[in-house]
Asks: 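Below are the structure tokens for one structure; questions will follow.
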Amino acid sequence: MNVAAKKVRIVGAAVGVAAVLAFCGRDVGTERRPNVIVVLTDDQGYGDLGGHGNDIIRTPRLDRFAVQGVEFTNFYVSPVCAPTRASLLTGRYYYRTGIIHTSRGGAKMHADEVTLAERLQAAGYRTGIFGKWHLGDNYPMRPMDQGFEESLIHKSGGINQTPDRPNDYFDPLLWKNGQRFEAKGYCTDVFFDAALAFIEKNRNEPFFAYIPTNAPHTPLIVPDEYARPYLDAGLDEDTAKVYGMVENIDDNFGRLMDRLVELGLRENTLVVFLTDNGPQQRRYTAGLRGRKASTYEGGIRAISLWQWPAVLAAPAKLDPIAAHIDVAPTLMQAAGVEPGGEMDGLSLLPLLRGEPAGPDDRSLFFQCHRGLTPNRYQNAAVRRGAYKLVLGPGTFSDESWSYTGAPPAVLYDLHADPGEEKDIAGERPDVVEDLRERYEAWFEDVRSTRSFEPGVIHIGSRTETVAVLSRYQDSTYVGGRPTTWKTTIERAGRYEIRVKREEEAWWVGPATIYLSRNGVVQAKDLAPGSDHAFFDLPSGDAELDVWAQAPGSSREIVTDNSAVGNVVLRRVE
């Protein structure tokens, strides 16, 4: 489905909104549609919360929020960040959306995926994102193309990753509504400041504010006053900085909640606090096994805290299994918006309102690994009832891994063994076989949606006049090496093309820029002192490869997360 067709689908789904809203107040218990705020932190583990038994970290506002609200104690996400974000915003398993993993061509969501923001915007909500997007940096995959009328974000998977290098957590280079923005202050403070301004501006209308912080993701940078107490307490430097970053998030979350009270919005604002995957570094995990990238509990069990004082029965701790795919349908139902389309998630609103849970027979599926071709059984897991089957454990980074026949698998009874210490696969082969068959059916189902094809960058759009092709983030990597960018040239014409050579300088002559379009190579010598060349490009789908070489040299293949090899295209006629 193309972008225009998606917009028709959104409008069609919104036709019934007026009717839905007519009974929305009676359905959810309030006469006005709720405001919606989702805070999502990056690499904050389940154990990085005082209320989860961590007696060192200081998170008083989040601890109070958890005690006074509703917490899902068995809430799951993907092993790494971009997949979680795609599922959260679409209500679908991320493999359906074109997201494969976090970089090297695997973090581009198809533009025809309909997001939570698009659904709410079509129903009259004001929508804003402040923080980390990580689902595509080019048109038509940017937040502003996917339903967010206000956006203040960093590109790629983190601040100081390509294409925005050099960069820093203090006074960061960000992008505000698609334009370069030099912020002042510490990144987390900047994002919450922008969110608070958005909330105040739209206080008289229903709004959706999405605040996905980049903290406590690496690089571990935090104001010294936050890390120093933990260093003085004898913690190692990494843990001290992570805890300081989380404490800063807690302070900002407190500012957010206080401002809602001051504006008279607290009662009818549905606030959700979530984390996107397990911790990257080794530290306290509340007894859970594994870390980020693992499908053990420590990699995929997330913090999930909810409050909506006007409606929700609170406080409560809810044990039924739930996941990121449930967030969008839950928030849509709360807002009285018909979901439309096909979602994998379920609305959690009945549970949040205190209604009894149904049978414990739901299955949830998890998988993610490096490489653009998902392999059956690799770094995967199934959770159903008390049981969890882990398939291909420890294979996240092995791009050459594949398996035929009966896969390596371990089985745990999480009710009896939440730390996943005792493999009972030999005792319950019937459960192993049942969960394996369910996994195989799921894998074939998600494969059938898009055959694991990532989204496509559009070049020459009037919406984005300059396109940056990030080598590490967006190029299709094969065997650990960048190959081509999959693109659509919207308008034929002459394009100015530049190739990045160093972190802070464009390539300057003498040199030749080479452009391969669907395997056909053109070459243009740079004029003396010039940093660019011009190529004529026809419209249509194109696998592009662009590079520069100095005379007498061979092509340099760069594979790391730097800006070297990035390409900038600008249509000039």
Side-chain angles (χ1 to χ4, degrees), residues 3 82 97-111 133-142 145 155-157 161-165 370-373 450-461 463-501 506-507 513-524 532-549 555-571:
V3 178
T97 72
I99 297 294
I100 307 300
H101 60 98
T102 63
S103 60
R104 287 160 278 189
K108 295 176 292 184
M109 187 168 76
H110 280 274
W133 172 243
H134 203 190
L135 298 175
D137 293 332
N138 292 92
Y139 175 81
M141 297 175 282
R142 304 166 301 173
D145 309 317
K155 290 187 177 182
S156 189
Q161 293 184 14
T162 184
D164 293 336
R165 296 189 63 172
R370 293 301 184 203
L372 294 178
T373 303
R450 297 184 188 273
S451 298
F452 304 134
E453 286 292 328
V456 176
I457 294 170
H458 287 218
I459 294 171
S461 165
T463 305
E464 184 178 50
T465 57
V466 178
V468 177
L469 302 182
S470 173
R471 174 192 47 76
Y472 183 84
Q473 184 62 28
D474 297 325
S475 175
T476 300
Y477 271 57
V478 177
R481 296 161 64 93
T483 58
T484 63
W485 288 275
K486 293 186 177 181
T487 71
T488 293
I489 311 297
E490 289 199 358
R491 293 187 294 157
R494 174 155 290 193
Y495 286 80
E496 176 190 272
I497 297 182
R498 304 181 181 196
V499 181
K500 191 82 177 259
R501 186 177 86 175
W506 295 107
W507 192 287
I513 291 182
Y514 295 86
L515 181 146
S516 171
R517 178 185 175 276
N518 296 332
V520 178
V521 179
Q522 304 176 57
K524 296 289 182 70
H532 61 272
F534 295 93
F535 292 82
D536 294 321
L537 296 177
S539 61
D541 295 340
E543 289 200 15
L544 296 181
D545 190 12
V546 183
W547 70 97
Q549 288 178 214
R555 179 180 181 180
E556 179 184 8
I557 302 296
V558 182
T559 62
D560 65 359
N561 191 352
S562 71
V564 178
N566 288 353
V567 175
V568 179
L569 300 95
R570 181 176 68 88
R571 188 179 184 278

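By convention here, the first residue in the shown sequence is residue 1.
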Asks: Counting N and O atoms only, with roles assigned by atom type, does the side chain of Trp485 sit under 3.5 Å from a partner on the main chain of Ser470, one being a donor and the other an acceptor?
Replies: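 A pair under 3.5 Å: yes.
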Asks: Looking at every non-hydrogen atom in both residues, tell me the closest pair between Thr559 and Gly480 and how far apart they are.
Replies: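 Minimum heavy-atom separation between Thr559 and Gly480: CG2-O, 3.4 Å.
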Asks: Under a 3.5 Å distance rule, please check whether Ser451 uses its side chain to pair with a backbone N or O of Glu453 as donor and acceptor.
Replies: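 Checking the backbone N and O of Glu453 against the side chain of Ser451, no donor-acceptor pair under 3.5 Å is found.
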Asks: If you apply the rule side-chain contact (heavy atoms from CB on, under 4.5 Å), what do you find for Asn138 with Thr487, and how did you get there?
Replies: CA-CA 10 Å; Asn138 292 92; Thr487 71; over 6 Å; no
Asks: Taking the side chain as every heavy atom from C-beta outward, state whether Arg142 and Lys155 have any atom pair closer than 4.5 Å.
Replies: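 In short, these two side chains do not touch, never coming nearer than 4.5 Å.
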Asks: With a 4.5 Å limit on heavy-atom distance, are the side chains of Ser156 and Asp137 in contact?
Replies: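 They are in contact (side-chain heavy atoms under 4.5 Å apart), so the answer is yes.
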Asks: In the structure I gave you, are the side-chain heavy atoms of Ser562 and Lys500 within less than 4.5 Å of one another anywhere?
Replies: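 Ser562 does not reach Lys500 side chain to side chain.
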Asks: Checking side chain to side chain donor-acceptor pair (under 3.5 Å) against His458, which of Glu464, Glu490, Arg491 comes through?
Replies: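 Among Glu464, Glu490, Arg491, the one that satisfies the side chain to side chain donor-acceptor pair (under 3.5 Å) with His458 is Glu490.
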Asks: Considering residues, nucleotides and ligands other than Arg481, do more than 12 of their heavy atoms fall under 6.0 Å from its CZ?
Replies: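 Atom CZ in Arg481 is not crowded, with 12 or fewer foreign heavy atoms closer than 6.0 Å.
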Asks: Any side-chain heavy atom of Thr483 sitting closer than 4.5 Å to one from Asp545?
Replies: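 Sidechains of Asp545 and Thr483: no contact.
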Asks: Are the side chain of Asn518 and the backbone of Glu543 linked by a donor-acceptor contact shorter than 3.5 Å?
Replies: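 Checking the backbone N and O of Glu543 against the side chain of Asn518, a donor-acceptor pair under 3.5 Å is found.
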Asks: Of all heavy-atom pairs between Ile489 and Ala542, which one has the smallest distance, and what is that distance?
Replies: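 It is CG1-CB, 4.2 Å.
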Asks: Going by distance alone, is a donor N or O of one side chain under 3.5 Å from an acceptor N or O of the other, for Asn566 and Thr162?
Replies: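 Note: Asn566 and Thr162 side chains meet the donor-acceptor criterion.
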Asks: For Val546 and Ile513: C-alpha separation, side-chain torsions, deciding distance, then whether side-chain contact (heavy atoms from CB on, under 4.5 Å) applies.
Replies: CA-CA 7 Å; Val546 183; Ile513 291 182; 4.1 Å; yes
Asks: If you define the side chain from C-beta out and look only at heavy atoms, does anything of Ile459 sit under 4.5 Å from Leu544?
Replies: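 Contact flag for Ile459/Leu544 side chains = yes.
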Asks: Please report the interatomic distance OH(Tyr139) to OG1(Thr465), rounded to the nearest 0.5 Å.
Replies: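 The OH atom of Tyr139 sits 13.0 Å away from the OG1 atom of Thr465.
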Asks: Drop me the distance from Leu469's CG to Ile497's CD1, to the nearest 0.5 angstrom.
Replies: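 Those atoms lie 8.5 Å apart.
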Asks: Over all heavy atoms of both residues, which pair between Ser516 and Val521 is shortest? Give the atoms and the distance, please.
Replies: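 The pair with the smallest heavy-atom distance is CB-CG2, 3.9 Å.
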Asks: Would Met141 and Ile457 satisfy side-chain contact (heavy atoms from CB on, under 4.5 Å), going step by step from the backbone distance to the final call?
Replies: CA-CA 8 Å; Met141 297 175 282; Ile457 294 170; 3.7 Å; yes
Asks: With a 4.5 Å cut-off on side-chain heavy atoms, are Gln549 and Arg555 touching?
Replies: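 Arg555 vs Gln549: side chains touch.
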Asks: May I ask you to test the Lys108-Ile100 pair for a side-chain heavy-atom distance under 4.5 Å?
Replies: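 No, their side chains stay 4.5 Å or more apart.
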Asks: Has the side chain of Arg165 got a donor or acceptor atom that lies under 3.5 Å from a matching backbone atom of Asn561?
Replies: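 Between the backbone of Asn561 and the side chain of Arg165 there is a qualifying donor-acceptor contact (under 3.5 Å).
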Asks: Using modelled atom types only, decide if a donor and an acceptor are shared between the side chain of Thr476 and the backbone of Gly105 within a distance under 3.5 Å.
Replies: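 Flag not set: sc Thr476 to bb Gly105 has no pair under 3.5 Å.
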Asks: So, for Arg517 and Leu537, which heavy atoms are closest and what is the spacing to 0.1 Å?
Replies: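 Answer, listing the atom of Arg517 first, then Leu537: CD-CD2, 4.4 Å.
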Asks: Decide yes or no on salt bridge (Lys or Arg N to Asp or Glu O under 4.0 Å) for Arg471 and Asp560, but give the supporting numbers first.
Replies: CA-CA 9 Å; Arg471 174 192 47 76; Asp560 65 359; 3.6 Å; yes
Asks: If you apply the rule side-chain contact (heavy atoms from CB on, under 4.5 Å), what do you find for Lys524 with His532, and how did you get there?
Replies: CA-CA 9 Å; Lys524 296 289 182 70; His532 61 272; over 6 Å; no
Asks: Hey, what do you get for OG (Ser103) to CZ (Arg370), rounding to the nearest 0.5 Å?
Replies: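 Spacing of OG (Ser103) from CZ (Arg370) equals 5.0 Å.
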Asks: Just say parallel, tilted or perpendicular for the rings of Tyr514 and Trp547, cut-offs at 30° and 60°.
Replies: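 Tyr514 and Trp547: parallel rings.
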Asks: Is there side-chain contact between Tyr472 and Arg104, with at least one heavy-atom pair below 4.5 Å?
Replies: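 Yes, side chains in contact.
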Asks: Ignoring hydrogens, what is the shortest heavy-atom contact between Pro140 and Val456? Give both atom names and the distance.
Replies: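 Minimum heavy-atom contact is CD-O, 3.8 Å.
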Asks: Where the side chain of His101 meets the backbone of Ala107, is there a donor-acceptor pair that is under 3.5 Å apart?
Replies: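 Between the backbone of Ala107 and the side chain of His101 there is no qualifying donor-acceptor contact (under 3.5 Å).
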Asks: If I take atom CZ from residue Phe535 and atom CG from residue Leu569, how far apart are they, to the nearest 0.5 angstrom?
Replies: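 Spacing of CZ (Phe535) from CG (Leu569) equals 9.5 Å.
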Asks: Are a donor atom and an acceptor atom from the side chains of Arg570 and Tyr495 found within less than 3.5 Å of each other?
Replies: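 Judged by distance alone, the side chains do not pair up.
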